[in-house]
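Reading through the structure tokens given below for one structure.
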Amino acid sequence: MSNQTLYITAGENNFKGKILDNLLSRGYYRMQHLMFTCNDTPVNEDGYAIPVFWLRTLVQECRFKKTAKSIMKKCANFSVTIQPAYVGDEVETLYTLYKSHVPFAVSSTCNDYLHQEILPDPFDSLIVQVRDRKRLIGTAYFDKGVNSIAGLINIYHPQYHSYSLGKFMMLQKLQYALSLKIKYYYTGYISTESTRFDFKTFPDSKAVEVFLPLEQKWVSYDLLGKEFLADYYFRYLV
């Protein structure tokens, strides 16, 4: 099976509603105003690529574990809003602080991460904002379909690193999906050669599924684990 990256541009109905649900279920994900899928991704300027596998959380089966409950308690005094997505000066200021703090490369601006000039925005997107009184300390974006949501990016103020705001905003997306009886929360990919993306399973790993691209099916991540996925990648996807 080819491991090249595949891209899809939006049709007249955009990537909204059931169209988004369908593409996410087939292992596609958002990149600016496109949908794409891949089996590996470069991790440095040398072009070295590591295996990746797409994840989703079964929202209605998710039971917050001890870590998730602890984060919710720690952040209980912060205010949270969810509204139609936008990128303003306040968000960009927070993004600049976030970019200077994280140990990996990110886009120059939040707008560049989410959008591109040559194609119209085809998604139905929402923004989570976390404030300590009036101060914006966390912002996260996600796309919404009919029966699914897909997380995009979580950014936070470095001074609040100890509050695990990235995970806190993941939990806010989960609670949003729970309230609307949405079935799936697509969290992006995990890698068999890096622990950087492992946080995506933290709320309840037993409720997480991983996509097997050869069979085009979702299976329990907890039952397989990284050792199985590493063998699968080198057997079938290289």
Which residues pass the side chain to side chain contact (heavy atoms under 4.5 Å, CB included) test with L224, not counting sequence neighbours? V210, L212, V219, F228, L229

Among all residues two or more places apart in sequence or in another chain, which pass the ring-ring contact (aromatic ring centres under 6.0 Å, His included) test with Y221? none

Show me, pair by pair, the donor-acceptor contacts under 3.5 angstrom made by side chains of residues 165-183, not counting sequence neighbours?
residue	atom	partner	partner atom	Å
K173	NZ	Y141	O	3.3
K173	NZ	N154	OD1	2.8
S179	OG	Y176	O	2.6

For F199, which residues count as a ring-ring contact (aromatic ring centres under 6.0 Å, His included) partner, sequence neighbours excluded? none

Residues at least two apart in sequence or cross-chain that pass side chain to side chain contact (heavy atoms under 4.5 Å, CB included) with F234, listed by chain then number, are E193, V238

Check whether any side-chain heavy atom of W218 lies under 4.5 Å from a side-chain heavy atom of W54, and answer yes or no. yes

Mind checking salt bridge (charged side-chain N to carboxylate O under 4.0 Å, His left out) for K206 and listing every partner two or more places apart, or none if nothing turns up? D222

Just jot down the side chain to side chain contact (heavy atoms under 4.5 Å, CB included) partners of R135, sequence neighbours excluded, or say none. I137, H157, Q159, Y160

With a cut-off of 3.5 Å and sequence neighbours excluded, list every side-chain donor-acceptor pair involving residues 74-95.
residue	atom	partner	partner atom	Å
K74	NZ	S162	O	3.0
Y86	OH	Q129	OE1	3.3
Y86	OH	Q129	NE2	3.0
E90	OE1	R131	NH2	2.9
E90	OE2	R131	NH1	2.9
E92	OE1	C110	N	2.9
E92	OE2	N111	N	3.1
T93	OG1	D89	O	3.0
Y95	OH	S107	N	3.3
Y95	OH	S107	O	2.7

Just by distance, do the side chain of E209 and the backbone of T57 share a donor-acceptor pair under 3.5 Å? no

Pairing residues for S148 by the side chain to side chain contact (heavy atoms under 4.5 Å, CB included) criterion, not counting sequence neighbours: D21, L24, Y184, Y186

When rounded to the nearest 0.5 angstrom, what distance separates CG in L6 from CG in L34? 12.5 Å

Is D198 paired with K226 through a side-chain N to carboxylate O contact shorter than 4.0 Å? yes

According to salt bridge (charged side-chain N to carboxylate O under 4.0 Å, His left out), who are the partners of R235, at least two apart in sequence or on a separate chain? D231

I'd like to know if the side chain of Y28 pairs up with that of N22 as donor and acceptor (distance under 3.5 Å, no hydrogens or angles considered). no

By ring-ring contact (aromatic ring centres under 6.0 Å, His included), which residues pair with F64, not counting sequence neighbours? none

Using the test ring-ring contact (aromatic ring centres under 6.0 Å, His included), find all partners of F197 that sit at least two apart in sequence or belong to another chain. Y189

